[in-house]
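Only this structure's heavy atoms are used, side chains among them; waters, hydrogens and symmetry mates stay out.
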Amino acid sequence: MSLTRRRLLSRSLEVAALALVLLDSTAYFAFLRPLKNRLLEERTRRVGVHLSLLRESKRVNTLQRYVSELPAADAEISQFLEKHIPTRTRAFSTADTLVAQVSQKSGIELTGVAYKPEIASKNPLQWLRIDMDAAGRFNNLMDFLQQLQSGDDFLLFRSFGFEVREDGKLSMHVAADLYLTP
């Protein structure tokens, strides 16, 4: 083999090797690397979905356990309420909830609330005296009284009165009896 032929063959092999390297790098960056990234993203998404599925199945199992235990819990709560919570506490809770909800709906400011339980009497109904002081606009105060009177609970107004405070706002004092179901 002559020197020129060797050089020509050597250059041809160099060009072929360079072409193969360029073809290989082009194939890597154009096809293989994006496919690899997509595969990695898909695996990550699949693991995330699997973890979400495990969390949700655990949550479903917990909820199913709660549902299966709910009748027993309801019975225990009812028994506790009947045997352990005094009627007086229930009366205070009912009255406090009623006054708070109605005052919030009517947009008034309660400045004072006092509860006085009934003195032992032969009355079959139990009742609780409520003394309230409130401040606000006249329409809101009247709305407060109307909502108290028209609620589901039997409330009897004993007295109420209006006065103007030092800061110019209208205030009201209400004394009422809340009758509770036996």
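The hydrophobic cluster containing V49 does not contain V60, counting ILVMFWY residues as joined when their side-chain heavy atoms lie under 4.5 angstrom apart, directly or transitively. Following chains of ILVMFWY side-chain contacts shorter than 4.5 Å, one can reach F138 starting from L110, so the two form part of one hydrophobic cluster. In the hydrophobic cluster analysis, where Ile, Leu, Val, Met, Phe, Trp and Tyr join through side-chain heavy atoms closer than 4.5 angstrom, V164 is grouped together with V174.
In this structure a side-chain-to-backbone donor-acceptor pair under 3.5 Å is present from T111 to D133. Side-chain atoms of D143 do not come within 3.5 Å of backbone N or O of N139 as any donor-acceptor pair.
The side chain to side chain donor-acceptor pair (under 3.5 Å) analysis of residues 33-43, with sequence neighbours excluded, yields the pairs E42-R45.
Annotation: the span from L98 atom CG to L178 atom CG amounts to 6.5 Å, rounded to 0.5 Å. Interatomic distance, CZ of R11 versus CZ of R7, reported as 7.5 Å (0.5 Å rounding). Separating the CZ atom in R46 from the CG atom in L51 is a distance of 11.0 Å, to the nearest 0.5 Å. One distance of note links CG of D96 with CD1 of I130; it measures 9.0 Å at 0.5 Å rounding. In this structure, CZ in F31 is found 9.0 Å from OG1 in T26, a value given to the nearest 0.5 Å. Taken from CE in M132 to NE2 in H173, the straight-line distance is 8.5 Å, to the nearest 0.5 Å.
V113 is not listed as a side-chain neighbour of D131, based on a closest heavy-atom distance of 4.5 Å or more. For the pair E56/L53, no side-chain contact is recorded, criterion being any heavy-atom separation below 4.5 Å from C-beta on. Within the 4.5 Å cutoff, the side chain of L128 has no heavy atoms near those of the K116 side chain. Between R165 and L170, every side-chain heavy-atom pair lies at or beyond the 4.5 Å cut-off. Residues R137 and K169 form no side-chain contact, since every pair of their non-hydrogen atoms from C-beta on lies 4.5 Å or further apart. Looking only at side-chain heavy atoms (C-beta outward), E163 and M172 stay at 4.5 Å or farther from each other. Annotation: side chain of M142 is in contact with side chain of F162 (closest heavy-atom distance under 4.5 Å).
Heavy-atom neighbours of E69 CD from other residues, nucleotides or ligands within 6.0 Å: above the threshold of 12. Other residues, nucleotides and ligands contribute over 12 non-hydrogen atoms within 6.0 Å of the CZ atom of R65. Remark: Q104 CD is loosely packed, at most 12 non-hydrogen atoms of other residues, nucleotides or ligands lying under 6.0 Å away.
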- Message: Could you walk me through whether F157 and D177 satisfy the side-chain contact (heavy atoms from CB on, under 4.5 Å) test, starting with their C-alpha distance in whole Å, then the side-chain angles of each, then the deciding distance to 0.1 Å, before giving a yes or no?
- Response: CA-CA 6 Å; F157 290 108; D177 293 336; over 6 Å; no

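Summarising the geometry of L141 relative to A135, their closest heavy-atom pair is CD2-C, 4.1 Å, with the distance given to 0.1 Å. For Y28 against P34, the heavy-atom pair with the smallest separation is O-CD, 4.1 Å. I108 and A134 get closest at one heavy-atom pair: CD1-CB, 3.5 Å.
By the ring pair (Phe, Tyr, Trp, His ring centres under 6.0 Å) test, F29 is found to be paired with no residue, residues two or more places apart in sequence or in another chain being considered.
With 3.5 Å as the limit, one finds no donor-acceptor pair spanning the side chains of S2 and R5.
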